[in-house]
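Working notes, beginning with the structure itself.
So that the names make sense, note that chain A is the first sequence line, chain B the second, and so on, each numbered from 1. Not measured: the values here are computed from a predicted model.
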Protein chains: 2
Amino acid sequence: MRPRKRGPANKKATLVDVAERANVSAITVSRVINQPDKVSEELRLRVQQAIDALGYIPNQSASSLASARSGVIGVSIPSLSNVVFNDVLSGIYDVAGASGYKVLLVDTHYSPLEEERMVRTLLSQSPEAMIITGGEQTDACQRMLKNARVPVVQMMELLSEPLDMNVGFSHHQAGYAMAEQIIAAGYQRVGFVGARMDKRVQQRLAGFRQALEERNLFDTALVATTPKPSSIGLGGEMFRSLMASTQGAVDAVFCCNDDLALGALFESQRMNIKVPEELGLCGFNDFEASTFVNPSLTSVYTPRYDMGVQAATMIVNVLKGEPQSEKIVDIGFEVRLRQSTRRTAN
Amino acid sequence: MRPRKRGPANKKATLVDVAERANVSAITVSRVINQPDKVSEELRLRVQQAIDALGYIPNQSASSLASARSGVIGVSIPSLSNVVFNDVLSGIYDVAGASGYKVLLVDTHYSPLEEERMVRTLLSQSPEAMIITGGEQTDACQRMLKNARVPVVQMMELLSEPLDMNVGFSHHQAGYAMAEQIIAAGYQRVGFVGARMDKRVQQRLAGFRQALEERNLFDTALVATTPKPSSIGLGGEMFRSLMASTQGAVDAVFCCNDDLALGALFESQRMNIKVPEELGLCGFNDFEASTFVNPSLTSVYTPRYDMGVQAATMIVNVLKGEPQSEKIVDIGFEVRLRQSTRRTAN
DNA sequence: GATTGCAATGATAGCGCAACCATTGGCGCT
DNA sequence: AGCGCCAATGGTTGCGCTATCATTGCAATC
């Protein structure tokens with residue numbers, strides 16, 4: 001390599017440049033940045049001055065390489081556009097940021113193959129820990145994660161055999177609980193509307209189905225699903241088509257999330273179907289709108305922000321070397337009954 | 001440093017390990033990874049085999065350090081929980097991902113000081129480009145960005161003096177246009193409900209105000225603002241309190257975004273105020289719910305996904321060395337009139 | 001048949017930083 | 001006084017990779 005040109009401010013300043021200017025050794029500059037209490041007040045000020053004067057910004061690549069610490073937590077989620085992950089990410093960012101970690105985020109578009117590619121990308125950044133979604137990684141992906149020898153949290157759902165740590169709740173139980181409540185509210189012919197149909201949605205459906213089967217109320221004809229991504233518009237469409245195909249032989253509908261449920265609710269208004277009197281309606285995740293819409297929408301609250309906080313906290317604690325309390329955390333859920341299932345008659 | 005222990009798989013595999021196993025030089029392995037066409041078929045296969053066998057994952061820190069290319073685009077947004085940025089991020093991620101760039105994302109919580117801190121963090125990762133939000137960076141922050149000598153896109157709004165590139169639309173014009181439409185629909189006493197009141201919301205308000213003032217319709221008493229973050233719940237509260245404080249002397253309300261507007265709409269339903277007959281209502285950003293709610297909500301559509309795509313595309317083109325068409329792109333907006341301002345009488 | 005050109009591969013030398021160990025000097029203790 | 005100790009600072013080395021410049025061998029050219 002050619003000797004570097006030494007023109008004026010030709011290149012970004014390095015540790016050595018700062019050291020020269022402050023008339024100290026490079027390692028002292030490094031200490032000023034990373035372990036300021038190990039440096040005398042006087043030197044620290046002198047060095048800080050040189051840093052400011054040169055506009056020095058440490059090169060994290062070099063630091064990572066030399067110290068084997070990147071300060072990065074890799075996070076993989078299946079969808080950036082699904083609002084559910086916003087809240088989770090907020091929790092992760094808040095905790096990670098407060099502990100000085102950077103978050104490198106990737107979107108797998110609900111594809112295990114893309115997830116594998118993305119995890120490889122993340123691992124090449126030498127993250128100190130990983131937070132990933134669910135448990136449907138490819139074998140190769142799981143192997144990579146194990147070889148990486150960093151703490152891993154799988155979040156969003158409870159797993160029977162997590163790779164390492166796990167925080168989530170049982171989507172099966174949640175689906176079951178919601179179904180029970182619908183029935184308890186007096187509805188009998190309960191339909192299901194589901195989109196995307198990823199693993200977690202399937203589990204909700206399974207829970208729902210079990211609750212109904214136990215009471216001999218389950219009817220496949222009342223279940224409508226699609227691999228398309230959820231949206232309010234889709235919820236409306238699916239609702240209308242379910243009502244048509246069943247010729248109204250449905251007295252309640254459980255939507256696999258609140259987008260669909262809101263769409264169904266708005267559509268039912270246009271169809272002049274009275275909710276909750278003629279039809280019960282409920283969703284999942286409890287978005288803010290569900291509280292405020294008229295009638296307010298029954299839903300299953302999922303502690304998404306807390307889940308993100310929990311995931312990041314587990315990571316940070318392990319990285320700090322603190323004793324680990326729990327490897328698996330059930331963050332729970334909460335059925336929130338509102339007007340949309342409050343059948344007055346019956 | 002001590003000689004590294006050579007136990008079995010004691011450490012993660014390196015380029016050299018792969019090279020030894022494949023019986024080639026290290027640089028050849030590097031080529032197999034980065035410029036496969038420069039290596040003969042035979043060697044390429046042999047090396048690939050070794051890579052797979054060892055589960056080798058390149059160390060991006062070392063690569064960045066040696067090549068001065070990180071493959072990272074730094075992105076700074078003011079809020080992770082504001083859904084508006086979801087769409088923008090989706091666009092950025094789609095384009096960046098397709099071009100092989102990683103995205104390092106930070107959240108500044110609408111604070112210029114935190115933004116400065118976060119930009120410093122981003123720059124320490126040697127990003128090849130930066131995408132940041134708006135133009136209210138601190139002086140120090142702007143200086144850092146200039147010294148970094150990487151392409152920078154400021155997005156979300158049009159700036160008179162962008163640091164480098166700029167993509168957005170005029171919030172002033174958008175506010176003005178919406179106000180014009182409200183008036184054209186026959187409303188006269190138009191209120192404004194705004195939350196967060198960041199620069200862009202202020203510009204919307206300024207545009208709104210100008211349109212009303214030009215017609216002698218502006219009345220400060222009808223403007224309600226708060227620094228709190230927007231939400232549906234807040235929209236309901238602010239609407240109710242505006243109606244109370246003005247004793248109903250308002251015949252339309254422009255909310256600075258759709259969260260507030262939906263909250264206001266739901267609240268108006270509970271207050272038995274007929275929209276659009278007794279009251280016109282409109283929002284901003286055009287969330288999906290606005291299309292489907294009853295009555296459907298007039299709003300200003302903002303091309304958020306496209307804006308993300310545009311920002312990332314500009315970056316990628318510059319990085320590719322392609323001739324740059326435009327440094328400043330006005331991505332536009334579109335007033336979408338719906339039922340909530342469709343006054344039947346008058 | 002000698003020359004040129006190019007494709008394929010290798011050797012060497014850093015990139016900027018921090019781990020490690022060494023050195024210095026001052027302090028408290030017996 | 002002599003010893004050990006610790007705080008403050010520095011010198012050297014190497015983290016894992018790629019830019020750069022060889023080197024090799026072979027085909028195409030006249």
Side-chain angles (χ1 to χ4, degrees), chain A residues 1-6 10-47 50-51 54-71 123-126 128 148, chain B residues 1-6 10-47 50-51 54-71 123-126 128 148:
Chain A
M1 230 172 229
R2 289 212 178 119
R4 178 167 121 205
K5 281 184 214 156
R6 276 300 191 175
N10 206 11
K11 260 283 206 176
K12 285 203 286 184
T14 71
L15 247 203
V16 174
D17 298 333
V18 176
E20 280 172 6
R21 190 174 224 272
N23 217 13
V24 297
S25 73
I27 190 67
T28 299
V29 178
S30 171
R31 287 204 187 95
V32 168
I33 295 168
N34 299 307
Q35 322 167 50
D37 8 313
K38 295 219 168 177
V39 180
S40 69
E41 173 88 7
E42 185 213 337
L43 272 199
R44 183 147 34 85
L45 287 176
R46 210 162 81 211
V47 170
I51 289 177
L54 294 174
Y56 170 66
I57 294 184
N59 181 325
Q60 183 59 46
S61 299
S63 172
S64 302
L65 186 58
S67 69
R69 296 196 60 251
S70 65
L123 290 180
S124 78
Q125 304 287 327
S126 316
E128 296 182 38
Chain B
M1 227 172 229
R2 285 208 184 121
R4 177 168 121 204
K5 279 184 215 156
R6 276 298 189 180
N10 204 10
K11 261 283 209 176
K12 284 203 287 184
T14 72
L15 248 203
V16 174
D17 299 332
V18 175
E20 280 172 4
R21 190 174 224 272
N23 217 13
V24 295
S25 73
I27 189 70
T28 299
V29 179
S30 170
R31 287 203 187 95
V32 169
I33 295 168
N34 299 307
Q35 322 166 50
D37 8 314
K38 296 221 168 177
V39 180
S40 69
E41 174 87 8
E42 187 214 336
L43 271 198
R44 184 147 35 86
L45 287 176
R46 211 163 81 212
V47 170
I51 289 177
L54 294 174
Y56 170 67
I57 294 184
N59 180 326
Q60 181 60 44
S61 297
S63 172
S64 302
L65 186 57
S67 69
R69 295 197 60 251
S70 64
L123 289 179
S124 78
Q125 305 287 327
S126 316
E128 296 183 38

Query - Any residue meeting salt bridge (Lys or Arg N to Asp or Glu O under 4.0 Å) with A/Arg46, in chain and number order, not counting sequence neighbours - result: A/Glu42

In whole angstroms, how far is the [atom2] atom of [N] from the [atom1] atom of [X]?
| X | N | atom1 | atom2 | value |
| --- | --- | --- | --- | --- |
| B/Gln35 | C/dA8 | CD | P | 12 Å |
| B/Gln60 | D/dT18 | CD | P | 8 Å |
| B/Leu65 | C/dG14 | CG | P | 14 Å |
| B/Lys38 | D/dT18 | NZ | P | 14 Å |
| B/Asp37 | C/dT9 | CG | P | 13 Å |
| B/Lys12 | D/dG16 | NZ | C1' | 11 Å |

Closest to the [X] side chain, choosing from [options]:
| X | options | answer |
| --- | --- | --- |
| B/Ala66 | C/dA18, D/dG10, D/dG16 | D/dG16 |
| A/Thr28 | D/dG16, D/dG10, D/dT18 | D/dG10 |
| B/Asn34 | C/dA11, D/dT18, D/dC17 | D/dT18 |

**Report entry** Sub-4.0 Å heavy-atom contacts from residues 39-47 of chain A onto DNA chain D, ordered by number
**Finding:** A/Val39, A/Ser40, A/Leu43

Report summary line: Of B/Ser67 and B/Ala26, the one whose nearest nucleotide on DNA chain C sits closer to the 5' end is B/Ala26

Query - Contact nearer the 5' end of DNA chain D, comparing B/Ser61 with B/Ile27 - result: B/Ser61

Report summary line: For A/Ile33 and A/Pro58 the tightest heavy-atom approach is CD1-CG, 4.3 Å

Report summary line: Heavy atoms of A/Ser30 and A/Leu15 approach each other most closely as N-CD2, 3.8 Å

Think [X] has a side-chain N or O under 4.0 angstrom from the OP1 or OP2 of [N]?
| X | N | answer |
| --- | --- | --- |
| A/Thr14 | C/dG16 | no |
| B/Ser63 | D/dT18 | yes |
| A/Ser30 | C/dA18 | yes |

Query raised in the report: Between B/Thr14 and B/Asn59, does a side-chain contact (heavy atoms from CB on, under 4.5 Å) hold up when you go through it step by step?
Result: CA-CA 8 Å; B/Thr14 72; B/Asn59 180 326; over 6 Å; no

Query raised in the report: Checking all strands, does A/Arg31 fall into the base, sugar-phosphate, or nothing category for heavy-atom contacts under 4.0 angstrom?
Result: base

**Report entry** Sugar-phosphate, base or nothing in reach of A/Leu15, heavy atoms under 4.0 Å
**Finding:** sugar-phosphate

Requested in this report: Go through the structure and list residues passing side chain to side chain contact (heavy atoms under 4.5 Å, CB included) with A/Arg44, not counting sequence neighbours.
Outcome: A/Val32, A/Pro36, A/Val39, A/Glu41

Query raised in the report: Counting distance only, does the side-chain N/O of A/Ser70 pair as donor-acceptor with the main-chain N or O of A/Ser126 below 3.5 Å?
Result: yes

Query raised in the report: Is the backbone of B/Gln60 close enough, under 3.5 Å, to the side chain of A/Gln125 for a donor and an acceptor to pair up by distance?
Result: no

